[in-house]
There are 2 protein chains.
Amino acid sequence: MDEIKGLSEVFKLLGEPNRLRILLSLGLECRPVSAVIAATGLSQTNVSFHLRTLREAGLVRGEPNGPFVFYCLADPELLTLIEQVRHWQSGRVESAEENGATSSRAGRSAAPRRRQRASG
Amino acid sequence: MDEIKGLSEVFKLLGEPNRLRILLSLGLECRPVSAVIAATGLSQTNVSFHLRTLREAGLVRGEPNGPFVFYCLADPELLTLIEQVRHWQSGRVESAEENGATSSRAGRSAAPRRRQRASG
DNA sequence: TGCTCATATCAGGCGTCGCTCATATGATAC
DNA sequence: GTATCATATGAGCGACGCCTGATATGAGCA
């Protein structure tokens, strides 16, 4: 597989808010599905669905224990990476808020050149 | 905005293969759109579309120069973060290839418990 | 064996978004 | 002013994937 494609697939997995919530709810522990449901407030089937996706991608692993299945990160290093991006993003957000006096349009990063649509 | 939602949006932006290709084609330089098109092989309008998305999200900035618009990363730190994840991912890929003797089903991370669908 | 609880899976609906075609706009040269 | 080149934008289509409701399966207990 194309390397960049494979890399983008990791990002894509993390790019779904509820899936990211699920991963972060695990932290560095192994937790039963019910704990993930309680922590995220998502439905059981939705959690199960996302956990399957994460499991098949190799980001988490499931370990049966009696009637429970405990899920944890397959590699704790992933959490470190996520936290690094999180730290970077929070810095951007704070920086953007400091520039908050600009209008919402400017906040959307106006096109580099003046441009008007004739039909506009 | 919900912090995790905001974080997932960064990942989502990076989770689109062509958008990631565009970002990586910039590297640490400011480059005209035409260079991005040449480097990625994507159509002009598709590149422009993605650059707009990246620009509005604040990941890149565009600088007009004569008839050209040069784009670069708004924060070079982003490239560092991407490369870190890339390094992590390539380690996983190599590790998975070393375990390549397993069947494709096992490679897909079988469900934690034996499960058969009666209607299967 | 039947019941309860925990979890997984299936199928379908619907919203999101990547890409294309057509076209508009800005900058420069003649 | 016109032509050319570089780039941006609008609109629409089709693919994708999240979520839900229904249901299946496994484990434990009486």
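Both backbone and side-chain heavy atoms feed into the values below; hydrogens, waters and symmetry mates do not. Convention: sequence-line order gives letters A, B, ...; per-chain numbering from 1.
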In whole angstrom, what separates A:I37's CD1 from D:dT20's P?
12 Å
When you measure from the side chain of B:P67, which nucleotide among C:dG18, D:dA6, C:dA8 comes out closest?
D:dA6
Does B:Y71 place a side-chain N or O at less than 4.0 Å from the phosphate oxygens OP1/OP2 of D:dA6?
no
Among C:dA6, D:dA8, C:dG18, find the nucleotide with the atom closest to the side chain of A:F68.
C:dA6
With a 4.0 Å cut-off on N to O distance, would you call B:K5 and B:E3 a salt bridge?
no
What about B:Q44, does its side chain sit under 3.5 Å from the base of D:dA6 through a donor-acceptor pair?
no
May I ask whether B:L23 and B:F49 are part of the same hydrophobic cluster, defined by side-chain heavy atoms of I, L, V, M, F, W, Y residues being less than 4.5 angstrom apart, directly or through others?
no
Could you give the CG-to-C1' distance, from B:L54 to C:dC17, as a whole number of Å?
14 Å
B:K12 NZ to D:dC16 P: how many Å, rounded?
16 Å
Among C:dA8, D:dT7, D:dC18, find the nucleotide with the atom closest to the side chain of A:S48.
C:dA8
Nearest whole angstrom, please: distance from the C1' of C:dA6 to the CZ of A:F49.
20 Å
Starting at the 5' end of DNA chain D and moving along, which residue's nearest nucleotide shows up first, B:V47 or A:R19?
B:V47
A:R55, nearest nucleotide to its side chain (from C:dA8, D:dT20, D:dC19):
C:dA8
Nearest-Å distance for atom pair CG/P, residues A:L42 and D:dC18
12 Å
Is any side-chain heavy atom of B:C72 closer than 4.5 Å to one of B:E29?
no
Among C:dG18, C:dT9, D:dT7, which nucleotide sits nearest the side chain of B:P32?
D:dT7
Less than 4.0 angstrom from a charged side-chain N to a carboxylate O is my criterion; do A:E94 and A:R92 meet it?
no
Just compare D:dG21, C:dA6, C:dG18 and give me whichever is closest to any side-chain atom of A:T45.
D:dG21
Phosphate-side-chain proximity, A:H50 and D:dG17, N/O vs OP1/OP2 below 4.0 Å:
no
Minimum heavy-atom separation for B:L73 to B:G27, with atom names?
CG-O, 3.7 Å
Between A:R86 and A:E83, is the closest basic N to carboxylate O distance under 4.0 Å?
yes
Among D:dG17, C:dT28, D:dC19, the one nearest any side-chain atom of A:N18 is D:dC19
When you check the phosphate oxygens OP1 and OP2 of C:dC19, does a side-chain N or O of B:R52 lie under 4.0 Å from one of them?
no
Separation of C:dC19 P from B:I22 CD1 (nearest whole Å):
8 Å
D:dT20 phosphate, OP1 or OP2: any side-chain N/O from A:N46 under 4.0 angstrom?
yes
Tell me: CD of B:E56 to P of D:dA8, nearest whole Å?
12 Å
Please check the phosphate of D:dA6 (OP1 and OP2 only) for any side-chain N or O of B:S34 closer than 4.0 Å.
no
Round to a whole Å and report the spacing from CZ of A:F11 to P of C:dG18.
16 Å
